[in-house]
Amino acid sequence: MFARKWSRRTLWIGAASLVVLLIVAVVLLRSRAGVDVAQVPFSDLLRHLDRGAVTEIVVIGDTLEFKVMSGQAFRTVAPANYVTANAAFVPDLSKKNIRIDVRSAAEPAAYSYGALVLGVGFIAVLGLTLYRVTTGRIPALESKTREADPSESTVTFADVAGVDEAKEEVKEIVDFLREPERFSAIGGRIPKGVLLVGPPGTGKTLLAKSIAGEAKVPFLFASGSDFVEMYAGVGASRIRKLFRDARRHPSCIIFIDELDAVGRSRGGNSLSHEEREQTLNQLLVEMDGFAPNQGIVVIAATNRADILDPALLRPGRFDRQVTVGTPDVKGREQILHIHAKKVALDAEVDLRQIARGTPGFSGAELANLVNEAALFAVRSGRQIVTDYDFDQARDKVLMGAERKSLTMSEHERVTCAYHESGHAVVAALLPHADPLHKVTIIPRGRALGVTMQLPEGDRHTHTREFLEAQIAILMGGRIAEELFLRQMTSGAGNDIERATEIARRMVCEFGMSAALGPLAYRTPGNPWETDKGVGISEATAQRVDDEVREVVMRGYETARQIIAKNRAAVRAMAEELLVVESLDAEGIRAVIANAA
Ligand code: ADP
Ligand code: MG
Ligand code: ZN
């Protein structure tokens, strides 16, 4: 779909000449070192001469290389001017029938000249390349922006679903791009920059493309990470080039994906900091440089608007923010419809039902789900995609692919069955937990077994009870192992990590600890990069640690009591799992009901 720009010829020529120079240098140096003769004291030469063993001498200034009868060669250094001062030396040698050869002493220096030329050449090429890169003379290095032929921009609004508010907001931009004159006649001001903000995979890139497709204008694509390079100035020159290209069109869209890669707030002292700041400044300069109604609209996407440099969000820059969120159940259904059009669906497949069972899925995950379902159908030799394929695909997307080939020892299987049953029974019996979807001891992804819950509807916030239940469920695995098998295994490591993280966030971010109150505590584990929240003293840090521990231990105690009271249910479920390997929601309910 995207036409690639001219090849990276200049760059290749530069690189090739560097390589050739290097090879020549190596060959020269080696050939010099190849005259591999032993260095011996001068007295050795005199002794060999006395014995009449020398057959050949090469005089190179004060260096004498000589061969003896056995064919061995040696090198020695004569006292200064020995050869020239000692008038009898050369005639004596010839009298002894020794072959004499004299070479100019300057000869070895020829190598140094060679090295010098090579060195200068090397530096010149390097310098020239750098110069041309930084001044943007090498198109190869800066043409990372790809231009789509407007007639080929086939993505339209119909391809984007579940983000109706966002679509509504950008419609105005489409109108403007279609008829810029009409807007300028009225004197309306169109935003120069639009920032699409939302989690990964929600369709930001797709939406930007659809704006270009709807307006039938060229779409210049660049990614923020393209601008972050090792050499200072490269990023800035790429930005210049991007806007230069854009100005060639009567109207067009510049799209900068992952704006946060360049747009992080300035300050800080990372290695590439200088370069990023230059790039960011260049972007600001370019955006200030064109008139609002010039026909260029810059669209950028990010999932971290909070870390962007405030200068980017000022009027005349990205002053319009459009939120692209994860779709709700209706949106998911529409997205599934769009992607299901590409596959042959069984008539009984109910996309609304699938949408209901996939809360929290992004557009990209839904597209992936449809694709995985189609793959399952193909693998089982079916021509159409059925409900069963969607179930399989969802489990794969949610829990990772099954790894039936992984062999577990019998003891590991038993451990895993009790561990997962512990999770499942606690989840089933706690009122504020999400309903169970599946328990399995078939290894999936990196886990040996999985207990999977699925919320009934879309969740946007969590109650304290829900989070506490979550911690208790995570503890259930370890406790079942302790109570039934009298053992602790490393298998609970990830559960413990996750439980601790939930507890930490409850205390430090959600203000859910009675002892510490509704404050945001800045702690080392906190992902915030900004300076939100209160810095804490050592004494408070101690209290935070204590409170986090307290929250986890409460969950542990809750889980321990549930499992101790329902030993029969845990045992029955573990034994069932060892036979059937997987239980769905209904199966779990049946086992627990029978054991009671
Ligand atoms: P983002 O840029 O927000 O990370 P993308 O636009 O790259 O997300 O989405 C990746 C793919 O996922 C798209 O090419 C499309 O196939 C699918 N997709 C994501 N969101 C949507 C949506 N809202 N409607 C339809 N398809 C979507
Ligand atoms: Mg994207
Ligand atoms: Zn576990």
Side-chain angles (χ1 to χ4, degrees), residues 1 154-167 170 195-213 221-225 255-261 299-305 322-328 330-342 355 361-371 399 415-427 439-441 443-453 470-482 488-499 559:
M1 185 161 150
T154 49
V155 181
T156 65
F157 279 161
D159 298 307
V160 195
V163 285
D164 294 341
E165 290 98 347
K167 266 205 293 204
V170 297
L195 186 62
L196 305 178
V197 186
T202 46
K204 299 180 292 296
T205 308
L206 195 67
L207 187 63
K209 278 185 195 162
S210 74
I211 297 172
F221 179 97
S223 174
S225 53
F255 179 60
I256 304 177
D257 213 349
E258 301 166 50
L259 181 67
D260 40 301
I299 301 177
T302 180
N303 42 26
R304 295 289 311 270
V322 174
T323 308
V324 185
T326 35
D328 58 8
K330 200 170 114 251
R332 289 199 297 273
E333 191 186 337
Q334 289 164 352
I335 295 173
L336 283 169
H337 266 291
I338 289 176
H339 293 284
K341 258 188 248 150
K342 296 166 205 155
F361 273 49
S362 69
E365 282 168 324
L366 291 167
N368 183 33
L369 178 75
V370 174
N371 189 46
M399 311 192 271
T415 300
C416 188
Y418 276 95
H419 180 103
E420 296 307 327
S421 301
H423 286 312
V425 168
V426 175
V439 187
T440 166
I441 57 166
R444 274 180 180 275
R446 275 168 48 228
L448 291 184
V450 181
T451 301
M452 171 90 217
Q453 299 162 265
Q470 222 47 38
I471 294 174
I473 294 165
L474 286 165
M475 291 292 135
R478 155 61 55 91
I479 293 165
E481 283 187 56
E482 280 180 47
M488 292 188 189
T489 63
S490 58
N494 181 252
D495 297 335
I496 291 173
E497 207 176 286
R498 280 164 58 197

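Whatever order the structure lists them in is the order used to number ligands and atoms, beginning at 1.
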- Do me a favour and list the nearest non-hydrogen protein atom to atom 25 (C) of ligand 1 with residue, atom name and distance? Asp159 O, 3.3 Å
- Item | Opening angle between OD2 in Asp495 and NE2 in His423, taken at the Zn ion (ligand 3), to 10 degrees | 100°
- Item | Ile473 and its side-chain contact (heavy atoms from CB on, under 4.5 Å) partner, picked from Val426, Thr451, Val425 | Val426
- Logged contact type for Leu206 with ligand 1, heavy-atom cut-off 4.0 Å, is both
- For the pair Ser210 (side chain) and Gly213 (backbone), establish whether a donor and an acceptor sit closer than 3.5 Å, ignoring hydrogens and angles. no
- Task: Tell me, please, if Glu420 has any N/O/S atom, main chain or side chain, under 2.8 Å from the Zn ion (ligand 3)?
- Result: no
- Item | Over all atoms of both residues, closest heavy-atom pair of Ala161 and Ile338 | CB-CD1, 3.6 Å
- Message: Just verifying a value: how many Å separate Arg332 CZ and Leu369 CG, rounded to the nearest 0.5 Å?
- Response: 11.0 Å
- Query: How far is atom 10 (C) of ligand 1 from its nearest protein heavy atom, and which residue and atom name does that atom have?
  - Reply: Ala364 CB, 4.0 Å
- Note on the structure: Closest to atom 23 (N) of ligand 1 by heavy-atom distance, out of Gly203, Ala161, Gly363, is Ala161
- Message: Strictly distance-based, threshold 3.5 Å: is any side-chain N or O of Arg478 a donor or acceptor partner for the main-chain N or O of Thr489?
- Response: yes
- Item | Whether Lys167 side chain and Val160 backbone form a donor-acceptor pair below 3.5 Å | yes
- If you scan protein heavy atoms around atom 16 (O) of ligand 1, the nearest is His339 CE1, 3.1 Å
- Task: Decide side-chain hydrogen bond (donor to acceptor under 3.5 Å, both in side chains) for His339 and Asn371; before the verdict, give the C-alpha distance in whole Å, the side-chain angles of both, and the deciding distance to 0.1 Å.
- Result: CA-CA 8 Å; His339 293 284; Asn371 189 46; over 6 Å; no
- At a 4.0 Å threshold, what atoms of ligand 1 neighbour a non-hydrogen atom of Pro200? 4 (O)
- Side-chain donor or acceptor of Lys204 paired with backbone N/O of Gly198 under 3.5 Å: yes
- Item | Gly201, any N or O under 3.5 Å of ligand 1 N or O | yes
- Item | Heavy-atom closest contact (Met488 atom, Glu481 atom, distance) | C-OE1, 4.3 Å
- Message: Taking 4.0 angstrom as the limit and counting only heavy atoms of Val160, give me the atoms of ligand 1 inside it, by number and element.
- Response: 23 (N), 24 (N)
- Note on the structure: of all protein heavy atoms, closest to atom 2 (O) of ligand 1 is Thr205 OG1, 2.6 Å
- Item | Nitrogen or oxygen of Ala367 less than 3.5 angstrom from that of ligand 1 | no
- Task: Could you tell me whether Asp257 approaches ligand 1 through its side chain, its backbone, both or neither, with non-hydrogen atoms closer than 4.0 Å?
- Result: neither
